[in-house]
Amino acid sequence: DEEQALVRSYAAGIDAAVFVDVDRPSNGLSRTSSALSWADLGRWTAEPVHAVEVLPQASANSRRVIEPWHVGVQELAGGATVSLVVAEASHGASPALFIEDLLSAPAPNGVLVGVPQHDTTMIHIITDQAQTAEAVPWMVARTAQMFAALPNPVSPEVYWWRDDTMSLLTVDRSAREWQIMPDEDFRAMFAGLEPDEEASAV
């Protein structure tokens, strides 16, 4: 609502909010949290505090809370790989907030990202057409499945991350066979990829 100080759109269908985490067992407030309000910001310092000053500190605090994270790799039948990053103790924070730090290699073409629940992020580094064509439908199906089955769901969608921006890979789910409809920028990027990474290296 309007009293909440820091709620930002992270991607289509996903909002990121800053919460105050209170740990005061003597007051019966052990590990309770509430959305940060403008009133909270006003009480903490004599001078006015602005959102731009709070966000870096909140991000650093969140990073400390969710580390260490664990990475598992799912190798698909055609050779594409999808990394599954799970935070050990997320307290609601998502590894998806730190995508650049999760990458095992440079990603000039960006990465596919799924955030089915708050402590889990799926990532596929885009390298060539063959692996991307295999990873996209697999991630679309798996993310939706995990979103529906697991606690604390975030989004059933798959996104394209590049240059610190997230765009939605639109999926038409009206028919039995889902149809994936990427935007023009994604299609242009895909058309410029090598058909196969191994073939391009020969």
Side-chain angles (χ1 to χ4, degrees), residues 7-17 66 69 71-87 90 92-200:
V7 179
R8 297 289 184 271
S9 175
Y10 178 68
I14 302 178
D15 289 332
I66 67 176
W69 44 57
V71 182
V73 177
Q74 174 74 48
E75 186 166 340
L76 308 185
T81 58
V82 178
S83 297
L84 188 68
V85 183
V86 181
S90 73
S94 173
L97 295 169
F98 308 99
I99 291 176
E100 283 188 282
D101 299 324
L102 304 180
L103 302 181
S104 58
N109 301 304
V111 297
L112 299 174
V113 179
V115 193
Q117 63 172 355
H118 67 75
D119 62 353
T120 303
T121 301
M122 279 194 285
I123 291 177
H124 169 74
I125 298 176
I126 297 172
T127 56
D128 63 65
Q129 288 185 354
Q131 292 195 19
T132 303
E134 182 181 33
V136 168
W138 187 90
M139 288 183 65
V140 165
R142 184 69 175 134
T143 302
Q145 181 186 43
M146 293 175 68
F147 172 84
L150 297 176
N152 306 308
V154 175
S155 173
E157 308 292 352
V158 172
Y159 301 85
W160 177 34
W161 178 94
R162 82 282 187 206
D163 299 328
D164 209 28
T165 62
M166 294 267 279
S167 57
L168 175 68
L169 290 185
T170 302
V171 179
D172 182 356
R173 295 182 170 89
S174 60
R176 183 174 181 181
E177 294 292 329
W178 292 355
Q179 184 178 1
I180 302 165
M181 302 178 295
D183 61 22
E184 288 187 17
D185 289 341
F186 188 92
R187 291 199 300 270
M189 178 277 296
F190 183 82
L193 295 174
E194 293 288 346
D196 184 284
E197 188 175 36
E198 290 185 6
S200 66

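Note that the numbering runs from 1 along the sequence shown for the chain.
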Point-to-point distance, once rounded to the nearest 0.5 Å, from [atom1] of [X] to [atom2] of [Y]:
X      : Y      : atom1 : atom2 : result
Ser83  : Ile125 : OG    : CD1   : 6.5 Å
Asp172 : Glu177 : CG    : CD    : 12.0 Å
His118 : Ile66  : NE2   : CD1   : 11.0 Å

Would you indicate whether the side-chain heavy atoms of [Y] and [X] approach each other to under 4.5 Å?
X      : Y      : result
Ser94  : Val115 : yes
Ile99  : Met166 : yes
Asn152 : Asp119 : no
Thr121 : Trp69  : no
Leu150 : Pro116 : no
Leu169 : Leu112 : yes
Phe186 : Thr132 : yes
Arg142 : Gln74  : no

request  = Please identify each residue that fulfils salt bridge (Lys or Arg N to Asp or Glu O under 4.0 Å) with Arg173, with sequence neighbours left out.
outcome  = Glu157
request  = List for me each residue that meets salt bridge (Lys or Arg N to Asp or Glu O under 4.0 Å) alongside Asp185, sequence neighbours excluded, and say none if there are none.
outcome  = Arg162
Say whether, by atom type as modelled, one donor and one acceptor occur between the side chain of [X] and the main chain of [Y] under 3.5 angstrom.
X      : Y      : result
Trp161 : Glu100 : no
Gln129 : Phe190 : yes
His124 : Thr81  : yes
Glu134 : Ala77  : yes

Which atom pair, heavy atoms only, marks the closest approach of [X] to [Y]?
X      : Y      : answer
Ile126 : Leu193 : CG2-CD1, 3.6 Å
Gly110 : Trp160 : CA-NE1, 3.9 Å
Tyr159 : Ala12  : OH-O, 2.5 Å
Pro195 : Asp128 : O-OD1, 3.8 Å
Trp178 : Ala141 : CZ3-CA, 4.4 Å

task = In sequence, state the C-alpha distance, the side-chain angles, and the governing distance for Val136 and Val158, and then conclude on side-chain contact (heavy atoms from CB on, under 4.5 Å).
result = CA-CA 8 Å; Val136 168; Val158 172; 6.0 Å; no
query = Taking it one step at a time, do Leu84 and Thr120 satisfy side-chain contact (heavy atoms from CB on, under 4.5 Å)?
reply = CA-CA 7 Å; Leu84 188 68; Thr120 303; 3.5 Å; yes
inquiry  = Could you check whether Asp163 and Thr165, counting side-chain N and O atoms only, form a donor-acceptor pair closer than 3.5 Å?
reply    = no
